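These notes are about the structure you will find just below.
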Amino acid sequence: MRIDVRPVARLRGPSPVDVPAALAPLLDALGDTSTDLAQVRIVCDWIQYRSNFAEPVSCRPVLAEHPAARRQAVGQHPEDTLEIALDLRRCGEAELTAGAVKEALGSYADPAAAGRTMLEPWTPASGSCIWRFNALYWQALSGWEQATGREYEQALPGGQSDARQADPVRELISELFRVWDELDARHALPEELYVVELGVGNGNQALTWLDEFAELDRVQGRDYYRRLHYLMGDYSAHVLDRARQAVARHGDRVNTLVLDATRPGLTLGFLRGKAFCVYISNVYDNLPTDELAFLAGRPYLVEVRGYLRDEDAAWIARSYQAEPGDLPGVIERLLRLGPDLLAEAAPGRFPEPAGAVSLWRDVWGALRLAERYTPLEGLDAYQVSPGVTGEILRPLLESSGDIRMHVSNGALASFAGTLPLLHPFGRLLCHDLFVTGPGQYQAGFRGPGKYDGSVVNWVNGPLLQLVGNRRGFDVRIEPFSGRPSATVKTLTAQVRG
Ligand SMILES: C[S@@+](CC[C@H](N)C(=O)[O-])C[C@H]1O[C@@H](n2cnc3c(N)ncnc32)[C@H](O)[C@@H]1O
């Protein structure tokens with residue numbers, strides 16, 4: 001049997017995590033089963049997100065062959081192996097852990113009796129309903145914020161967006177002015193100066209940026225502000241509206257565009273080679289991603305399946321005068337219509353939109369993901385993003401034994417689609433949660449977690465660097481200058497000089 005303990009930083013210090021205490025109930029329970037212990041791998045994590053999709057203890061089958069090629073039910077195939085995952089943060093108390101272990105092993109032995117209301121079939125994580133919930137959150141943000149009484153920014157690391165800090169913004173704009181001055185001296189500066197922001201949230205970052213820009217331009221007297229076109233892009237019309245109001249004092253220097261950040265070229269193609277700065281903060285970690293794993297030298301795709309525990313489905317259904325069996329249908333309608341239209345369509349159940357928001361929050365809070373590892377024929381059989389196969393991950397996946405990592409499909413597609421928009425002297429600048437080396441996947445939990453109603457996954461920085469390097473860009477990931485000790489890092493990409 002193999003035991004991986006990932007949160008190594010928590011094994012030392014004033015209150016180190018008690019791994020043996022968490023493992024004891026599991027080892028006891030395994031001793032009482034007929035499971036082939038040689039085929040069991042235990043993975044201990046510390047899930048730092050208090051709100052997340054995982055049970056304290058869960059069983060993840062490692063399938064011996066692709067499900068389409070097998071006749072027997074999952075969990076009963078003699079050649080499957082088993083990963084048992086423990087969240088050490090929630091496995092400190094022996095009795096509770098023993099109960100969770102019993103339940104997890106029971107659900108593995110007999111999935112049909114696992115007491116779960118399934119919301120979707122098995123799917124790669126990027127296709128899970130969690131992303132529909134995520135999109136709904138941004139589309140219907142005000143309803144959610146009214147219900148919680150707090151703004152989304154308060155859920156971000158540090159309690160507000162780092163993008164708002166004035167000093168790093170001023171530094172960035174000064175650098176931009178320096179580049180423009182040089183181009184101007186060579187009569188090579190275009191008349192129109194384009195800056196793009198993707199994923200704008202409440203517009204506070206844009207406001208900080210534009211205020212600083214206007215002030216610096218006034219002081220330096222370069223007249224760049226008059227030539228500036230600040231384009232704000234987001235997939236939520238609601239968010240864009242809010243951001244537009246936030247920057248109203250900058251009038252027609254600003255334009256807004258509804259766009260999908262994972263396909264920026266579709267809407268912003270007219271900017272090809274023209275953007276001096278593309279700015280994106282706290283968005284890559286919010287874009288859909290799969291996970292791949294290398295276990296015993298073999299590649300696997302992590303598949304997930306959203307569910308509610310039956311007891312959660314029961315109380316949620318009761319609260320909205322529904323039967324537990326009707327709940328998946330009601331949730332589907334919520335995701336399709338949003339809370340306002342759902343309330344209009346079902347006034348008996350939801351006299352006010354607030355009732356539908358309340359259902360949404362209850363379901364989101366209770367939503368869990370089951371996971372399994374499905375073998376891949378080869379890394380090239382897996383498509384990361386258009387034109388990029390899983391082969392690109394080989395150097396990262398093969399670097400150090402058994403490993404599981406995010407593919408960051410959405411972030412990668414966004415990044416690769418943004419690079420062609422850059423002016424030869426332009427740069428892409430991104431503040432986000434970046435993993436900076438594959439080893440970090442073996443030393444900590446990198447998502448998914450829940451930030452209020454949205455999903456967060458750390459971004460696979462080395463993968464973005466590989467993709468950027470191949471396209472002739474220098475890609476650096478450095479500490480965020482406004483808060484060097486923060487988990488948020490700054491990625492910069494510009495044409496290799
Ligand atoms: C966490 S907020 C970050 C907002 C702001 N940049 C900040 O740092 O505070 C994420 C933003 O990305 C937007 N977003 C998420 N996925 C997107 C996508 N696929 N296309 C466009 N915008 C997206 C959301 O609507 C939201 O405005």
Side-chain angles (χ1 to χ4, degrees), residues 49 126-127 130-145 150-166 168-169 172 195-210 230-247 256-268 277-289 338 385 408-418 428-433 447-459 480 482-483 486-491:
Y49 302 102
S126 64
I130 65 172
W131 296 106
R132 294 179 70 198
F133 277 97
N134 185 71
L136 180 62
Y137 177 71
W138 297 114
Q139 305 297 340
L141 185 61
S142 57
W144 183 286
E145 288 183 340
R150 60 183 211 149
E151 284 213 30
Y152 81 84
E153 259 195 85
Q154 290 168 269
L156 296 177
Q160 68 165 49
S161 175
D162 286 309
R164 285 221 240 158
Q165 290 194 35
V169 169
L172 173 74
V195 170
V196 179
E197 184 185 353
L198 299 176
V200 296
N202 53 20
N204 281 342
Q205 124 70 20
L207 184 61
T208 308
W209 204 94
L210 287 158
Y230 192 95
L231 305 182
M232 300 199 297
D234 203 285
Y235 71 169
S236 160
H238 168 75
V239 158
L240 273 179
D241 247 8
R242 219 152 115 169
R244 197 184 297 122
Q245 287 167 28
V247 298
T256 53
L257 294 157
V258 174
L259 55 77
D260 181 353
T262 65
R263 298 194 293 169
L266 276 188
T267 317
L268 297 174
C277 180
V278 178
Y279 194 86
I280 180 158
S281 84
N282 299 311
V283 179
Y284 282 174
D285 66 0
N286 189 232
L287 297 176
T289 176
S385 64
S408 302
N409 313 64
L412 200 77
S414 182
F415 178 70
T418 301
L428 183 155
L429 203 102
C430 172
H431 299 308
D432 224 317
L433 294 167
K450 300 176 189 171
Y451 276 167
D452 271 354
S454 70
V455 180
V456 57
N457 282 292
W458 290 50
V459 182
F480 173 59
R483 207 153 56 93
T487 44
V488 170
K489 305 250 177 304
T490 301
L491 174 144

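Counting convention: from 1, in listed order, for ligands and their atoms alike. Heads up: numbering here begins at 1 and tracks the sequence. Since the model is a prediction, treat every value here as computed from it, not as a measurement.
Heavy-atom proximity to atom 27 (O) of ligand 1, evaluated over Leu198, Leu141, Asp234, Asn286, is greatest for Asp234.
A 4.5 Å side-chain heavy-atom check between Trp144 and Asp452 finds at least one atom pair inside the cut-off.
Polar contact check, Ser281 against ligand 1: a nitrogen or oxygen pair lies under 3.5 Å apart. The shortest N or O to N or O distance between Asp260 and ligand 1 is under 3.5 Å. For a threshold of 3.5 Å applied to N or O pairs, the pair formed by Thr262 and ligand 1 contains no separation below that value. For ligand 1, one of its N or O atoms has an N or O atom of Gly199 under 3.5 Å away.
Between Gly203 and Val247, the shortest heavy-atom contact is O-CG1, 4.0 Å. Between Phe415 and Leu428, the closest heavy-atom pair is CD1-CD1, 4.0 Å. The two residues Pro264 and Ser414 have their closest heavy-atom pair at CG-O, 3.7 Å.
For ligand 1, the atoms closer than 4.0 angstrom to any heavy atom of Leu287 are 16 (N), 17 (C), 18 (C), 19 (N). Of all atoms in ligand 1, numbered sequentially from 1 with element shown, those under 4.0 Å from a heavy atom of Val239 are 27 (O). Residue Ala261 has at least one heavy-atom neighbour below 4.0 Å for each of these atoms of ligand 1: 18 (C), 19 (N), 20 (N), 21 (C). Of all the atoms in ligand 1, the ones that sit under 4.0 Å from a non-hydrogen atom of Gly201 are 4 (C), 27 (O).
The backbone and the side chain of Asn282 each have at least one atom closer than 4.0 Å to an atom of ligand 1 (non-hydrogen atoms only). With a heavy-atom cut-off of 4.0 Å, Asn202 does not touch ligand 1 at all. At a heavy-atom cutoff of 4.0 Å, ligand 1 is contacted by both the backbone and the side chain of Tyr235.
Taking the six-membered ring where the residue is Trp, the centroids of Trp138 and Tyr235 are separated by 6.0 Å or more.
Aromatic ring pairs are classed by plane angle as parallel below 30°, tilted from 30° to 60° and perpendicular above 60°; the pair Trp209 and Tyr230 is tilted.
Without hydrogens or angle criteria, Asp285 side chain to Leu433 main chain gives no donor-acceptor distance under 3.5 Å. Side-chain atoms of Asp432 come within 3.5 Å of backbone N or O of Val283 as a donor-acceptor pair.
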Begin with the C-alpha distance, continue with both residues' side-chain angles, and end with the deciding distance and a verdict on side chain to side chain contact (heavy atoms under 4.5 Å, CB included) for Ser126 and Thr289. CA-CA 5 Å; Ser126 64; Thr289 176; 5.8 Å; no

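Ligand 1 lies within reach of Leu259, whose nearest heavy atom is under 4.0 Å from it.
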